[in-house]
Engineer: 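To start, I am sharing the structure in question, which I have written as C-alpha cells.
When a residue number appears, it is its place in the shown sequence, counting from 1.
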Amino acid sequence: MSSVERIEQLPPAPARPVDGHKGTFGRVMIVAGSAGMSGAACLAGYGALCGGAGLVTLAIPQSLVNIVASVEPSWLTLPLADTDGHLSKRSIGLLEQSLRNQSVVAIGPGLGDSDGVRSTVQHLYATSSLPMVVDADGLNAFASQSDELTRPAETAPRVLTPHPGEFARLLSRGNTDTRQVQEELAIAFAAKHQVILLLKGAQTITTDGHRLAINRTGNSGMATGGSGDVLTGLISALLAQGMSPFEATQLGAHLHGLAGDIAAELHSPQAMIASNIHQCLGLAWQQFLQAS
C-alpha cells in the first residue's frame with residue numbers, strides 16, 4: 001500500500017475541437033441485453049451518448065432489436081444471433097467483423113448467463129485489440145476463473161467495473177470485506193491482472209495497481225438497478241475520445257456521481273432511478289467544465 005500513488009486531482013476533459021466530426025469523438029460498441037434486460041443495453045447506450053462519443057452502436061440479441069431501436073434514434077443497433085433471448089456463440093463472427101470499425105467495446109450489461117454468453121465474452125476479452133470495458137454479466141462470465149482476466153502489458157487495456165458482489169465472485173470469496181480490505185484487494189487484483197479496476201460503492205475505487213483514486217461524488221439514490229450500466233457507457237465514451245484508461249475511469253466515476261448528486265437534488269435519493277442519472281449528465285458536464 002505504501003508504494004501506491006494516491007491521485008487526488010481529476011484529469012482534464014478530453015479535447016473537443018470545434019471542427020470535430022463523429023469520427024473525431026470515437027465509436028463505441030456496447031454488447032449488452034437479453035430477454036427481459038433490454039433496459040440495461042439502453043442505459044449503457046445513453047451513458048455513452050451523453051459521455052460525448054461520436055457514434056454508439058448497441059450490439060444486442062436480434063429478438064430485442066425492435067424494442068431497443070424504438071427507445072432512442074441516436075444509436076445504431078447490431079442484431080446478433082441469439083438462443084432463447086441470450087447471445088449465441090454464432091454471434092462471434094459478426095461481432096469480430098463489426099468491431100474492426102470501432103474505437104472501444106463495452107460488454108456485459110444485462111447479458112444474462114448462458115453458455116453462449118460466457119463463450120462470447122471470454123473469446124472477445126482474450127482476442128479483441130480494442131480497449132474494453134467489462135461490467136455485470138461480462139464479469140460474471142469469469143466467476144471463479146479470474147486468471148483468464150490477466151492481460152499482457154502490451155495488449156489493449158481492459159477496464160473492469162464490478163460492484164462488491166461481482167468482485168467477491170471473481171475472488172471466490174464472501175462479500176463481507178470492509179472497505180479498507182476491498183481497497184487492498186482491488187489494488188492487488190489490478191496489479192496481478194494488469195487491468196484497470198473500478199470497484200463500485202460509496203467512494204468508488206479506481207486503481208491500476210500502481211495508482212489509486214477515490215471518488216468523492218455520488219449518493220445512496222444511485223443504489224438502484226441500471227446505475228452501473230450508465231457508468232459503463234460513460235467510461236467507454238471517454239476512452240473513445242482518447243483518454244487514458246485510468247483517467248477515463250476516474251473521470252467517469254466522478255461525472256457519474258456528480259450527475260447522481262444533481263438528480264438527487266431534483267428528485268430525492270428515494271425517488272431516483274437510473275435514467276435520471278444520464279438525464280443529468282449534461283448538467284454534470286457543465287459543472288465540471290466550469291470548475292476546471
Side-chain angles (χ1 to χ4, degrees), residues 14 20-35 37-82 85-112 116-117 120-121 123-125 127-138 141 156-159 161 226 228-243 245 248 252 274-275 278 281:
H21 52 80
K22 293 189 294 290
T24 306
F25 305 117
R27 300 167 182 258
V28 173
M29 178 170 283
I30 302 173
V31 185
S34 60
M37 294 291 287
S38 56
C42 296
L43 288 166
Y46 276 124
L49 288 172
C50 296
L55 283 171
V56 176
T57 301
L58 301 186
I60 50 178
Q62 58 190 4
S63 56
L64 303 184
V65 168
N66 290 341
I67 298 171
V68 172
S70 69
V71 171
E72 173 55 55
S74 301
W75 53 53
L76 308 174
T77 55
L78 177 68
L80 299 173
D82 65 350
H86 291 79
L87 286 189
S88 164
K89 289 188 290 186
R90 292 178 288 119
S91 67
I92 291 176
L94 179 57
L95 274 170
E96 289 182 321
Q97 179 181 351
S98 301
L99 287 173
R100 294 171 188 164
N101 297 319
Q102 301 296 318
S103 309
V104 172
V105 56
I107 191 164
L111 281 179
V117 167
T120 303
V121 170
H123 177 83
L124 290 180
Y125 187 93
T127 62
S128 177
S129 60
L130 293 177
M132 181 180 293
V133 181
V134 189
D135 184 36
D137 291 318
R158 300 291 186 252
V159 177
T161 63
D229 302 324
V230 178
L231 178 60
T232 295
L234 175 56
I235 293 171
S236 301
L238 297 173
L239 280 168
Q241 292 168 81
M243 293 191 75
S275 56
H278 75 72
L281 272 171

Engineer: Once rounded to the nearest 0.5 Å, what's the spacing between atom OG1 of Thr120 and atom CD1 of Ile92?
Structural biologist: 4.0 Å

Engineer: Which atom pair, heavy atoms only, marks the closest approach of Ala41 to Ile60?
Structural biologist: CB-CG2, 4.0 Å

Engineer: Just do the side-chain contact (heavy atoms from CB on, under 4.5 Å) check on Leu124 and Val105 with the steps written out, would you?
Structural biologist: CA-CA 10 Å; Leu124 290 180; Val105 56; 5.5 Å; no

Engineer: Considering only heavy atoms from C-beta outward, does the side chain of His123 approach that of Leu95 to under 4.5 Å?
Structural biologist: no

Engineer: Which residue in the set Leu231, Leu238, Thr232 passes side-chain contact (heavy atoms from CB on, under 4.5 Å) when paired with Ile235?
Structural biologist: Leu231

Engineer: Taking all non-hydrogen atoms of both residues into account, name the closest pair between Pro109 and Ala32 and its distance.
Structural biologist: O-CB, 3.1 Å

Engineer: Can you see which heavy atom on Gly108 is nearest to which on Ala136, and at what distance?
Structural biologist: O-CB, 3.8 Å

Engineer: Quick one: pull up CE in Met132 and CD in Gln102 and give me the separation to the nearest 0.5 Å.
Structural biologist: 12.0 Å

Engineer: So Ser275 and Leu43, do their side chains get closer than 4.5 Å, heavy atoms only?
Structural biologist: yes

Engineer: So, the side chain of Ser98 versus the backbone of Leu94: is there a donor-acceptor pair under 3.5 Å, distance only?
Structural biologist: yes

Engineer: Could you state the interatomic distance from CZ (Arg90) to CG (Asp82), rounded to the nearest 0.5 Å?
Structural biologist: 7.5 Å

Engineer: Looking at every non-hydrogen atom in both residues, tell me the closest pair between Ile30 and Ala44 and how far apart they are.
Structural biologist: CD1-O, 3.4 Å

Engineer: Mind listing the side-chain donor-acceptor pairs of residues 70-80 below 3.5 Å, one per line with the distance, residues two or more places apart or on another chain?
Structural biologist:
residue: Ser70; atom: OG; partner: Asn66; partner atom: O; Å: 3.3
residue: Ser70; atom: OG; partner: Ile67; partner atom: O; Å: 2.7
residue: Glu72; atom: OE1; partner: Tyr46; partner atom: OH; Å: 3.1
residue: Glu72; atom: OE2; partner: Ser74; partner atom: N; Å: 3.0
residue: Glu72; atom: OE2; partner: Ser74; partner atom: OG; Å: 2.6
residue: Trp75; atom: NE1; partner: Val68; partner atom: O; Å: 3.2
residue: Trp75; atom: NE1; partner: Glu72; partner atom: O; Å: 3.3

Engineer: Counting only N and O atoms by type, is there a donor-acceptor contact under 3.5 Å from the side chain of Ser91 to the main-chain atoms of Ser88?
Structural biologist: yes

Engineer: Using modelled atom types and a 3.5 Å cut-off, is there a donor and acceptor pairing between side-chain atoms of Ser34 and backbone atoms of Gly110?
Structural biologist: yes

Engineer: Is the shortest side-chain heavy-atom distance between Leu99 and Leu130 below 4.5 Å?
Structural biologist: yes

Engineer: Rounded at 0.5 Å granularity, tell me how far CG in Leu234 sits from CG in Asp229.
Structural biologist: 12.5 Å

Engineer: Can you see which heavy atom on Asn101 is nearest to which on Arg27, and at what distance?
Structural biologist: O-CD, 2.9 Å

Engineer: Considering all heavy atoms of both residues, which atom of Val230 and which atom of His278 are nearest to each other, and what is their separation?
Structural biologist: CG1-CB, 4.0 Å

Engineer: Quick check against the 3.5 Å criterion: does Arg158 have a side-chain atom that pairs as donor or acceptor with the backbone of Tyr125?
Structural biologist: yes

Engineer: Just jot down the salt bridge (charged side-chain N to carboxylate O under 4.0 Å, His left out) partners of Asp135, sequence neighbours excluded, or say none.
Structural biologist: Lys200

